[in-house]
Amino acid sequence: MDRLSALKSIAAQASRGELSFPTNVDATLKLQRALNEPDCHTEMAARLVQAEPLLAARTVAIANSVAYNRAGHDVTNVRAAVQRVGFRTLGALAASVIVRQLASEIIDPGLRAKADALWIHSAHVAALAQVIARRVSFVDPETALFAGIVHEVGGFYLLSRAGDFPGLLDDASGDSAAEWIEHGEVAIGRGVLLKLGVPVPVMGAIEALWNGMRALPPETLGDTLLLAKDLAPFPSPLHTRPGATTLDSAATIDFTIGEGTLAQVLAESAGEVKSLTAALL
């Protein structure tokens, strides 16, 4: 099967909701749904999180990051961490575990390296999106964090399937770039996002990211996500959007925000971004 046929086949399956997830993803999805139940309280959430070691460790790490620990008082247990970060951030962290689990069964070293690089990229985008949302675009920071975590989930799914389709993730160029956008990023990404129950506003922001349309200064969640992606110091190892800002030119992006500039905001928030990224990794 050639590359385009493979992309179309996976995209068609994704559109029908016929997705092949590792067993541990299904378990974490159930945990995520339980956390979203109206009657889920702090004690129950802490017990659920403790049952998933990776999520428990990540929750405590996030709670102790600069973004959530402004007073400098570290927490040492899951219950206190859940209380500090809140249920919305907890949902984003559960999503981060799911995203990583999608690539958990990759054996090929090259694909594994791409999955690791894609998560490094996603973690930086998520941390930057939260800061940009809070200090520049004034959209909800927790939603921006979540959107950054899941914006490449279709790429993780493709990496998890690439072992069955040799050549699937060869670099796209020329006419094949449009094929990647249509069948890879959009069709497969949309199918995986729907399967994971990603809220409509976040879906819309990621769709805007795929379209590559952005306002400066950023005004919407989509603008926020796209700016964070362009500013991320580690690019996606998968296909880059046609006309996307290169890292060199992204470093020159600046504009006035209130009495300061984007560059000043990023400089002031560098420690926060670094701490949040490290916690996600």
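It should be emphasised that the depicted structure is a prediction, and the values quoted were computed from it without experimental measurement. Counting begins at 1 with the first residue of the sequence. Scope of the values below: all heavy atoms of this structure, side chains included, with no hydrogens, waters or symmetry mates.
Contact of the Pro217 side chain with the Ile257 side chain is registered, since non-hydrogen atoms from C-beta on lie closer than 4.5 Å. For the pair Val60 and Val78, the minimum side-chain heavy-atom distance is below 4.5 Å. Under the 4.5 Å side-chain criterion, counting only non-hydrogen atoms from C-beta, Met44 is not in contact with Glu37. Within the 4.5 Å cutoff, side-chain heavy atoms of Leu262 are placed close to those of Leu231. Between Leu196 and Phe21 there is a side-chain heavy-atom pair separated by less than 4.5 Å. Side-chain contact between Arg112 and Ile107 is absent, with no heavy-atom pair separated by less than 4.5 Å. Side-chain contact between Pro218 and Val136: present, with at least one pair of heavy atoms (C-beta onward) separated by less than 4.5 Å. The side-chain heavy atoms of Gln130 and Val273, taken from C-beta on, include no pair separated by under 4.5 Å.
Closest approach of Phe87 and Leu35 over heavy atoms only: CD2-O, 3.8 Å. In terms of heavy-atom proximity, Val125 sits nearest to Ala228 at O-CB, 3.6 Å. Nearest heavy-atom pair, Leu128 versus Pro233, reported as atom, atom and distance to 0.1 Å: CD1-CD, 4.4 Å. Contact between Ala11 and Ile188 at its shortest, heavy atoms only, is CA-CG1, 3.5 Å. Here the shortest heavy-atom pairing between Asp74 and Asn64 reads CA-OD1, 3.1 Å. Taking every heavy atom of both residues into account, Ser275 and Val66 meet most closely at OG-N, 3.0 Å.
For Glu268, the salt bridge (Lys or Arg N to Asp or Glu O under 4.0 Å) test picks out Arg135, with sequence neighbours left out. For Ser15, the side chain to side chain donor-acceptor pair (under 3.5 Å) test picks out no residue, with sequence neighbours left out. The salt bridge (Lys or Arg N to Asp or Glu O under 4.0 Å) search around Glu43 returns Arg79, not counting sequence neighbours. Applying the side chain to side chain donor-acceptor pair (under 3.5 Å) rule to Asp140 yields the partners Arg88, Thr143; only residues at least two apart in sequence or on another chain are considered.
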Worked check of side chain to side chain contact (heavy atoms under 4.5 Å, CB included) between Ser96 and Trp119: CA-CA 9 Å; Ser96 75; Trp119 180 245; 3.5 Å; yes

Would Ser236 and Lys229 count as a side chain to side chain contact (heavy atoms under 4.5 Å, CB included) here? Give the steps. CA-CA 9 Å; Ser236 166; Lys229 186 175 179 70; 4.2 Å; yes

For Thr28 and Leu55, what are the C-alpha separation, side-chain angles and deciding distance, and is it a side chain to side chain contact (heavy atoms under 4.5 Å, CB included)? CA-CA 9 Å; Thr28 309; Leu55 179 58; 5.7 Å; no

Take Asp223 and Thr220 through the test side chain to side chain contact (heavy atoms under 4.5 Å, CB included) and record every step on the way to the result. CA-CA 5 Å; Asp223 295 338; Thr220 67; 3.2 Å; yes

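Distance alone, capped at 3.5 Å, places no donor-acceptor pair between the Tyr157 side chain and the Ala103 backbone. At least one donor-acceptor pair closer than 3.5 Å links the side chain of Ser122 to the backbone N or O of Leu118. Within the 3.5 Å criterion, the main-chain N or O of Arg33 finds no donor-acceptor partner in the side chain of Asn36. When atom types are taken as modelled, the side chain of Asn69 and the backbone of Ala63 share no donor-acceptor pair closer than 3.5 angstrom. Looking at His124, its side chain does come within 3.5 Å of a backbone N or O of Ile120 through a donor-acceptor pair.
Cluster annotation: Phe138 and Val202 are assigned to distinct hydrophobic clusters (Ile/Leu/Val/Met/Phe/Trp/Tyr, side-chain heavy-atom contacts under 4.5 Å, transitive). Linking Ile, Leu, Val, Met, Phe, Trp and Tyr residues whenever their side-chain heavy atoms come within less than 4.5 Å places Val131 and Phe255 in a single cluster. By the criterion of side-chain heavy atoms lying less than 4.5 angstrom apart, applied directly or through intervening Ile, Leu, Val, Met, Phe, Trp or Tyr residues, Val150 is grouped together with Trp210 in one hydrophobic cluster.
Taking the centre of each ring, His121 and Phe234 stay at or above the 6.0 Å mark.
Residue pairs meeting the salt bridge (Lys or Arg N to Asp or Glu O under 4.0 Å) criterion with at least one member in residues 50-73, sequence neighbours excluded: Arg70-Glu272. Applying the salt bridge (Lys or Arg N to Asp or Glu O under 4.0 Å) test to residues at least two apart or on different chains, the pairs with a partner in residues 98-109 are Arg100-Asp116.
Of the N and O atoms on the side chains of Thr89 and Glu142, at least one donor lies less than 3.5 Å from an acceptor on the other residue. Thr261 and Thr256 form no side-chain donor-acceptor contact under 3.5 Å, judged by distance and modelled atom types alone.
Rounding to the nearest 0.5 Å gives a distance of 6.5 Å between OG of Ser160 and CD1 of Ile106. Separation of atoms CG (Leu48) and NZ (Lys30) is listed at 13.5 Å; rounding is to 0.5 Å. Here the straight-line distance linking atom CG of Leu159 with atom CD of Glu152 works out to 9.5 Å at 0.5 Å rounding. Rounding to the nearest 0.5 Å places OG of Ser137 at 8.0 Å from CG of Leu221. In this structure, CG on Leu225 lies 6.5 Å from CD1 on Ile206, to the nearest 0.5 angstrom. Here the CD1 atom belonging to Ile62 is positioned 11.0 Å from the CG atom belonging to Leu90, to the nearest 0.5 angstrom.
Glu18 and Lys195 are not joined by a salt bridge, as no carboxylate oxygen comes within less than 4.0 angstrom of a charged side-chain nitrogen.
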